[in-house]
Amino acid sequence: MKIYEENNAVVLEGVENFDPKHIFECGQCFRWHRQENGSYTGVAMGKILNVLREDDKVYLNNTNLEEFNNIWFNYFNLGVNYTDIKDTLKKMDEYLDKATDFGWGIRILEQDGWEMLISFIISSNNRIPMIQKAIENLSRNFGDFIGEYEGKDYYSFPTPEQLNKATQEEIRACQTGFRDKYIKSTTEAVVSNNDDVRKYTGLDTNTCIKELTKFNGVGPKVADCIALFGMRKYDTFPVDVWVKRVMQEFYVAEDMSLPKIRTYAIDKFGDLSGFAQQYLFYYARELGIGR
DNA sequence: GTCCAGGACAACA
DNA sequence: TGTTGTCCTGGA
């Protein structure tokens with residue numbers, strides 16, 4: 001891969017296993033929006049970025065090499081060899097063989113743990129467009145204005161201290177629904193205990209999930225998502241309705257419970273469970289499998 | 001107006 | 001220890 005800077009952009013030439021649509025629409029993130037030219041614009045790590053792929057070139061627009069090295073290289077998980085991961089998964093069975101071809105450009109983003117904690121609390125019993133709207137509202141009302149890009153204003157996700165200034169009513173006014181009390185209580189817990197959830201990356205997977213489940217509004221599925229997408233715990237397997245459908249379609253009996261599906265998958269996919277989950281989720285959701 | 005999609009939690013057996 | 005009703009919102 002050749003990496004160079006030109007015109008306020010960083011170009012990744014010959015980058016493998018990288019497709020914006022696959023990355024931003026596999027259920028792991030909520031702040032990226034598709035533009036008319038097929039690129040995606042979003043806010044992450046307090047920066048506005050636009051991502052466009054043209055053949056074997058990926059353009060990271062509105063950034064420079066310094067930011068790329070400090071932020072985006074890790075954010076896009078570029079140190080991980082997805083060719084190896086897919087090869088291992090492909091050998092496991094025909095479904096993963098198909099799913100890894102279908103979502104060939106998926107990468108698991110290294111997102112901020114605190115943002116994932118609140119985002120996935122909002123995700124519970126909620127649909128993606130509504131989750132996106134609530135997170136945007138929270139950011140506009142309680143985060144920092146970062147700047148304008150192509151005629152739109154962008155705001156950073158609020159810090160624990162910023163969000164803690166919001167009342168439960170103000171949180172609900174951001175269209176969080178009944179999850180307002182979960183967000184309020186979790187934010188209060190983080191601030192009052194001076195709890196840096198980013199440090200949870202250093203815990204082992206089971207401890208990490210157990211700690212996350214202590215927060216109000218965080219159950220098994222939400223904890224798995226936070227651990228996988230915000231804390232680099234790749235050996236876990238969040239089971240949402242789509243993953244349940246695809247697992248029942250291809251692997252397990254119709255009446256298997258969610259925790260048992262999870263255990264089954266982790267036994268089978270091991271250290272690559274989180275990656276398998278992403279390929280299967282994207283495959284199931286795009287094709288409407290099991291509906 | 002009615003139904004449905006989406007997990008956590010409290011109350012219950 | 002597992003099961004059931006409730007929570008909120010927008011789109012069909």
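Throughout, protein chains are lettered first and strands after them, A, B, ... in sequence-line order, and every chain is numbered starting at 1. Worth knowing before you read on, the calculation uses all heavy atoms, side chains too, and leaves out hydrogens, waters and symmetry mates.
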Options dC8(C), dG6(B), dG10(C), nucleotide nearest the side-chain atoms of Asn125(A):
dG6(B)

Taking the inter-plane angle between the rings of Phe24(A) and Trp32(A) on a 0 to 90° scale, is it parallel (under 30°), tilted (30 to 60°) or perpendicular (over 60°)?
parallel

pair Ile209(A)-Thr207(A): side-chain heavy atoms closer than 4.5 Å:
no

Lys181(A) atom NZ, over 12 foreign heavy atoms within 6.0 Å
yes

Which nucleotide, dG6(B), dA8(B), dG10(C), lies nearest any side-chain atom of Gln175(A)?
dG10(C)

Please figure out whether Val241(A) or Gly217(A) has its closest DNA chain B nucleotide nearer the 5' end.
Val241(A)

Phe120(A) near the nucleic acid: base, sugar-phosphate alone, or nothing, with a heavy-atom cut-off under 4.0 Å?
nothing

Write down the partner of dG1(B) under the Watson-Crick or G-U wobble criteria, each distance required to be under 3.5 Å.
none

Under 4.0 angstrom between Arg127(A) side-chain N/O and dG7(B) OP1 or OP2
no

Presence of Asn126(A) side-chain N/O under 4.0 Å of dT9(C) phosphate oxygens OP1/OP2
no

Does the side chain to side chain contact (heavy atoms under 4.5 Å, CB included) test come out yes or no for Ile3(A) and Met1(A), once each step is laid out?
CA-CA 6 Å; Ile3(A) 302 167; Met1(A) 172 171 63; 3.9 Å; yes

From CG of Leu258(A) across to C1' of dC9(B) the rounded distance in Å is 15 Å

Students often get this wrong, so: under 4.0 angstrom with heavy atoms, is Arg285(A) touching a base, only sugar-phosphate, or nothing?
nothing

Using a heavy-atom cut-off of 4.0 Å across all strands, would you classify Pro220(A) as base, sugar-phosphate, or nothing?
sugar-phosphate

Report the C-alpha separation of Leu49(A) and Thr41(A) in whole Å, then their side-chain angles, then the decisive distance to 0.1 Å, and conclude whether the side chain to side chain contact (heavy atoms under 4.5 Å, CB included) test is met.
CA-CA 6 Å; Leu49(A) 189 74; Thr41(A) 302; over 6 Å; no

Out of dC8(C), dG7(B), dG6(B), which nucleotide sits closest to the side chain of Lys221(A)?
dG7(B)

Which part of the nucleic acid, if any, lies within reach of Asp180(A) when heavy atoms closer than 4.0 Å are counted: base, sugar-phosphate only, or nothing?
nothing

Whole-Å distance between dC8(C) P and Ile121(A) CD1?
17 Å

From the set dA5(B), dC8(C), dA8(B), return the single nucleotide nearest to any side-chain atom of Arg179(A).
dC8(C)

Rounded to the nearest angstrom, tell me the gap between atom CH2 in Trp242(A) and atom P in dG7(B).
11 Å

